[in-house]
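Below, each value reflects all heavy atoms present in this structure, side chains not excepted, and no hydrogens, waters or symmetry copies.
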Amino acid sequence: FIGAQTGYYNNGAHNLMIGALAGYNNRGDYNVLIGYFAGDDNDGSTNNSHKNVAIGYTALTNVETGANQNTAVGYSTLFTNTANGNTAVGFSVLRTNTSGSGNSGFGSNALRLNSTGSGNTALGNAALAPHACKTTIDTYLKPLLIGADPMDTEYLWESMYRRTLP
């Protein structure tokens, strides 16, 4: 353990912790926790959390109830995670995930508001973030669709596609 109060209440085994308060309340085994508050409160209540990797400020900070085999790289990634097998890379990716398992998010704020969905993959800035989708629909697609012929699907698809190109 390297850093002020790193692994302070650690009861787990075979862990690597680097950074102030990293793994402060860790009770799991085989975790790699690097960064300020990384993996803090990794207590799992009654079920320990094992085989997680957290790199970055507050990555995997509130891991509870046996969240296993997660990878979190970046500021506040998988912050409230309680599930297994998630991968989050980037700023605040899967930040509010609670019980969703098997998710992969890559890019700033990808799947940021996902809480219970499982098996999702998001790639890119704010990918699968509801507020980004709503803004795109309201700003770019809604004006094209209001008053248009719903039976002319080819025209509508082409119009929406061209309107959302970078």
Side-chain angles (χ1 to χ4, degrees), residues 19-23 28 31-45 47 49-166:
L21 300 166
N31 295 298
V32 176
L33 310 170
I34 301 173
Y36 186 73
F37 272 118
D40 176 45
D41 214 13
N42 181 19
D43 67 2
S45 298
N47 299 314
S49 300
H50 306 291
K51 300 174 185 167
N52 293 299
V53 175
I55 301 173
Y57 178 85
T58 67
L60 274 169
T61 291
N62 291 314
V63 176
E64 299 272 344
T65 63
N68 301 310
Q69 300 171 344
N70 294 289
T71 302
V73 179
Y75 179 94
S76 286
T77 52
L78 285 167
F79 186 79
T80 58
N81 185 58
T82 62
N84 299 323
N86 292 294
T87 302
V89 179
F91 175 84
S92 216
V93 177
L94 280 159
R95 188 180 198 298
T96 59
N97 189 65
T98 53
S99 60
S101 294
N103 294 298
S104 298
F106 303 91
S108 181
N109 290 301
L111 283 167
R112 185 174 199 269
L113 299 179
N114 182 71
S115 59
T116 60
S118 294
N120 295 297
T121 300
L123 177 61
N125 184 30
L128 295 180
H131 63 280
C133 295
K134 183 177 180 345
T135 300
T136 300
I137 291 168
D138 289 347
T139 304
Y140 300 107
L141 303 180
K142 184 178 176 181
L144 292 174
L145 299 173
I146 300 293
D149 180 3
M151 301 307 288
D152 195 355
T153 56
E154 188 173 323
Y155 169 77
L156 292 175
W157 186 92
E158 187 68 30
S159 297
M160 289 187 291
Y161 173 75
R162 291 184 183 278
R163 181 70 173 152
T164 56
L165 288 174

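- When atom types are taken as modelled, the side chain of Asn86 and the backbone of Asn103 share a donor-acceptor pair closer than 3.5 angstrom.
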* **Steps toward side chain to side chain contact (heavy atoms under 4.5 Å, CB included) verdict (Thr58, Tyr36)** => CA-CA 6 Å; Thr58 67; Tyr36 186 73; 5.7 Å; no

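- How far CG of Asn114 is from CZ of Arg95: 14.0 Å, rounded to the nearest 0.5 Å.
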* Which is it for Thr87 and Asn70 under the side chain to side chain contact (heavy atoms under 4.5 Å, CB included) test, yes or no, and what are the steps along the way? -> CA-CA 6 Å; Thr87 302; Asn70 294 289; over 6 Å; no

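- Side-chain N or O atoms of Asn97 include one that pairs as donor or acceptor with a backbone N or O of Gly100 at under 3.5 Å.
- How far CH2 of Trp157 is from CZ of Arg162: 9.0 Å, rounded to the nearest 0.5 Å.
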* Report the C-alpha separation of Phe79 and Thr96 in whole Å, then their side-chain angles, then the decisive distance to 0.1 Å, and conclude whether the side chain to side chain contact (heavy atoms under 4.5 Å, CB included) test is met. => CA-CA 6 Å; Phe79 186 79; Thr96 59; over 6 Å; no

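- Within the cation-pi definition used here (under 6.0 Å to the ring centroid, within 45° of the axis), Arg163 does not qualify as a partner of Tyr140.
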* Given side chain to side chain contact (heavy atoms under 4.5 Å, CB included), test Phe91 with Asn109 step by step and report yes or no. => CA-CA 6 Å; Phe91 175 84; Asn109 290 301; 4.0 Å; yes

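- Proximity of a side-chain donor or acceptor of Ser49 to a complementary backbone N or O of Ala67 within less than 3.5 Å is detected.
- When every heavy atom of Ser101 is checked against every heavy atom of Ser118, the shortest pair comes out as N-OG, 2.9 Å.
- Nearest heavy atoms, Gly56 versus Ala38: O-CB, 3.6 Å.
- Once rounded to the nearest 0.5 Å, the distance linking CE of Met151 with CG of Leu156 reads 11.0 Å.
- For Gly39 against Ala54, the heavy-atom pair with the smallest separation is N-CB, 4.3 Å.
- Applying side-chain contact (heavy atoms from CB on, under 4.5 Å) to Ser159 and the options Leu145, Leu141, Leu144 leaves one that passes, Leu144.
- Among all heavy-atom pairs drawn from Val93 and Ala110, the shortest one is CG1-O, 3.3 Å.
- Using a 4.5 Å heavy-atom threshold, the side chains of His50 and Asn68 count as touching.
- Side-chain atoms of Thr77 never come within 3.5 Å of backbone atoms of Gly90 as a donor-acceptor pair (strictly under, hydrogens ignored).
- When each of Asn31, Asn81, Thr71 is checked for a side-chain contact (heavy atoms from CB on, under 4.5 Å) with Asn52, only Asn31 meets the rule.
- With values rounded to the nearest 0.5 angstrom, Leu111 atom CG is found 11.5 Å from Ser92 atom OG.
- Ring pair Phe37/Tyr57 is perpendicular by interplanar angle, where above 60° counts as perpendicular and below 30° as parallel.
- Glu158 CD to Asp152 CG: the interatomic distance, rounded to the nearest 0.5 Å, is 11.5 Å.
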